[in-house]
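Note sheet for the following structure.
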Amino acid sequence: MNKYVLSAAFIALVLTGCANQPGSTSTDKYTGTRTIGHGAVEEYGSLTASDISAAVNLKTYFEHASVGRNILNGVQKLIAGGLSLKRGTWKDWAPVDAAGNPAYYTEGNDGSAYVWDVSSMDATKSAVIKAWFAANTGLYDNARGNPSAAEKMNYFRAAVDTYDIGAAADVAVMKFCWIDPDASLSDYEEMMSSLQTAYPDLVLVYCTIPLTNAVDDNTASRNTFNNALRIYCSTNNFWLFDIADIESHEPDGTAYTSSSGAELEWPDYSHDTGHINAGDYDLRPSKAFITLLARIGKAI
């Protein structure tokens, strides 16, 4: 869709921080508040039964790696607490119960197993996923592993378009990892724009790059990508799951940054470089994720 494509001049303004443009006047499903950050964690507790129904009755495809696994562990805790969300998962990587339903991960500091199905989408996998969506609403996740940022985008494009999951799902989400500071924002924008053109009824959710909990050589690159993506999504009325914003705010809402003001993950959320897996802190992004789906479900 041409309305989703920024001109070169406008991109230059965005990247220099000079853009202050109003949101799109589009009358399609991209309306209302579409950026989901740390404020959505507390919002989860105020969701009504109607809101929850809107979230769980979507067909949501989620492609991810380890931080995504942390988010899913939190989702599983919400389900154990009463969230009526049906889940499906690619059977070759995730533990399942006797009925074939996803279970808690059973190894590692946070109860998460470092198990990956690192293959890209193929006909067998896509047939399983499309069959699940034909029979169910809910959340289907596919742990794609941690190839390069460019390969992550290629995998997602293939899943949604080549293998037509875009026609089976209502919502599709692809998450980067903190090891992707070299992700090309222009390539990300192009991929999502082309997929939106091919599947106009599919809600595509952008994601910020997750953070580490200490300054490293790639902190600046992550922050640059994330800040530019926030402007891009806000300007164009696109849905954004702002994982970095959730990670960089303490539970009381205090921002956690480096001495130079760069966003970092609050260290208490993790036992290592950046996984969101200390205690029950994985509930924070999972609550925000369900809030995101509730907003989408209400908007479409």
- Task: Establish whether Trp239 and Val56 are linked, either directly or via other cluster members, by ILVMFWY side-chain heavy-atom contacts under 4.5 Å.
- Result: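 Same cluster: Trp239 reaches Val56 through Ile, Leu, Val, Met, Phe, Trp or Tyr contacts under 4.5 Å.
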- Under a single-linkage definition using a 4.5 Å side-chain heavy-atom cutoff for Ile, Leu, Val, Met, Phe, Trp and Tyr, are Ile71 and Leu211 assigned to the same hydrophobic cluster?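 No, Ile71 and Leu211 fall in different hydrophobic clusters.
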Quick one, [X] and [Y] - any side-chain contact, counting heavy atoms below 4.5 Å?
X	Y	result
Leu78	Leu85	no
Leu202	Tyr61	no
Phe241	Ile246	yes
Ser270	Ile276	no
Leu240	Leu229	yes
Thr89	Asp141	yes
Met174	Val160	no
Leu72	His64	yes

- Tell me, with the steps shown, if Asp164 and Tyr199 meet side chain to side chain contact (heavy atoms under 4.5 Å, CB included). CA-CA 9 Å; Asp164 208 27; Tyr199 298 92; 2.8 Å; yes
So, does [X] use its side chain to make a donor-acceptor pair with the main chain of [Y] at under 3.5 Å?
X	Y	answer
Ser193	Glu189	no
Ser234	Ile231	no
Thr235	Tyr232	no
Asn236	Phe238	no
Thr208	Ile243	yes
Ser53	Ala49	no

Rounded to the nearest 0.5 Å, how far does [atom2] of [Y] lie from [atom1] of [X]?
X	Y	atom1	atom2	result
Asp242	Ile36	CG	CD1	9.5 Å
Cys233	Met192	SG	CE	7.5 Å
Cys177	Lys152	SG	NZ	4.5 Å
Glu151	Asp180	CD	CG	10.5 Å
Leu195	Ile165	CG	CD1	11.5 Å
Ile129	Glu63	CD1	CD	8.0 Å

Minimum heavy-atom separation for [X] to [Y], with atom names?
X	Y	result
His275	Val67	CD2-N, 4.3 Å
Leu283	Gly74	CD2-O, 3.6 Å
Leu185	Ala228	CD2-CB, 3.5 Å
Ile179	Asp182	O-OD1, 4.5 Å
Ala288	Gly37	CB-O, 4.2 Å
Pro210	Trp178	O-CB, 3.4 Å

Just checking, is any N or O donor in the side chain of [X] or [Y] under 3.5 Å from an acceptor N or O on the other one?
X	Y	result
Ser260	Ser258	yes
Asn136	Lys59	no
Asn70	Tyr281	no

Fit a plane to each ring of [X] and [Y], take the angle between them on a 0 to 90° scale, and name the class: parallel (under 30°), tilted (30 to 60°) or perpendicular (over 60°).
X	Y	value
Tyr269	Trp266	perpendicular
Tyr140	Trp132	perpendicular
Phe225	Tyr188	parallel

- Message: With a 6.0 Å cut-off (strictly less than), is the heavy-atom count around CD of Glu42, excluding the residue itself, greater than 12?
- Response: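 Atom CD in Glu42 is not packed in, count stays at 12 or less.
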Below 4.0 angstrom, N of the basic side chain to O of the carboxylate: do [X] and [Y] qualify?
X	Y	answer
Arg295	Glu43	yes
Asp187	Arg157	no
Arg230	Glu263	yes

- Query: How far apart are the C-alpha atoms of Ile296 and Val205, what are their side-chain angles, what is the distance that settles it, and do they pass the side chain to side chain contact (heavy atoms under 4.5 Å, CB included) test?
  - Reply: CA-CA 10 Å; Ile296 292 173; Val205 177; 3.8 Å; yes
- Passing option when Asp282 is tested against Lys287, Lys77, Arg69 for salt bridge (charged side-chain N to carboxylate O under 4.0 Å, His left out):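 In the set Lys287, Lys77, Arg69, the residue that makes a salt bridge (charged side-chain N to carboxylate O under 4.0 Å, His left out) with Asp282 is Lys77.
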- Do Glu250 and Asp268 pass the side chain to side chain contact (heavy atoms under 4.5 Å, CB included) test, and can you show the C-alpha distance, the side-chain angles, and the key distance before you say yes or no? CA-CA 9 Å; Glu250 300 175 31; Asp268 284 7; over 6 Å; no
- Evaluate the side chain to side chain contact (heavy atoms under 4.5 Å, CB included) criterion for residues Ser50 and Lys298: first the C-alpha distance (whole Å), next the side-chain angles of each, then the deciding distance (0.1 Å), finally the verdict. CA-CA 9 Å; Ser50 176; Lys298 288 285 192 175; 2.5 Å; yes
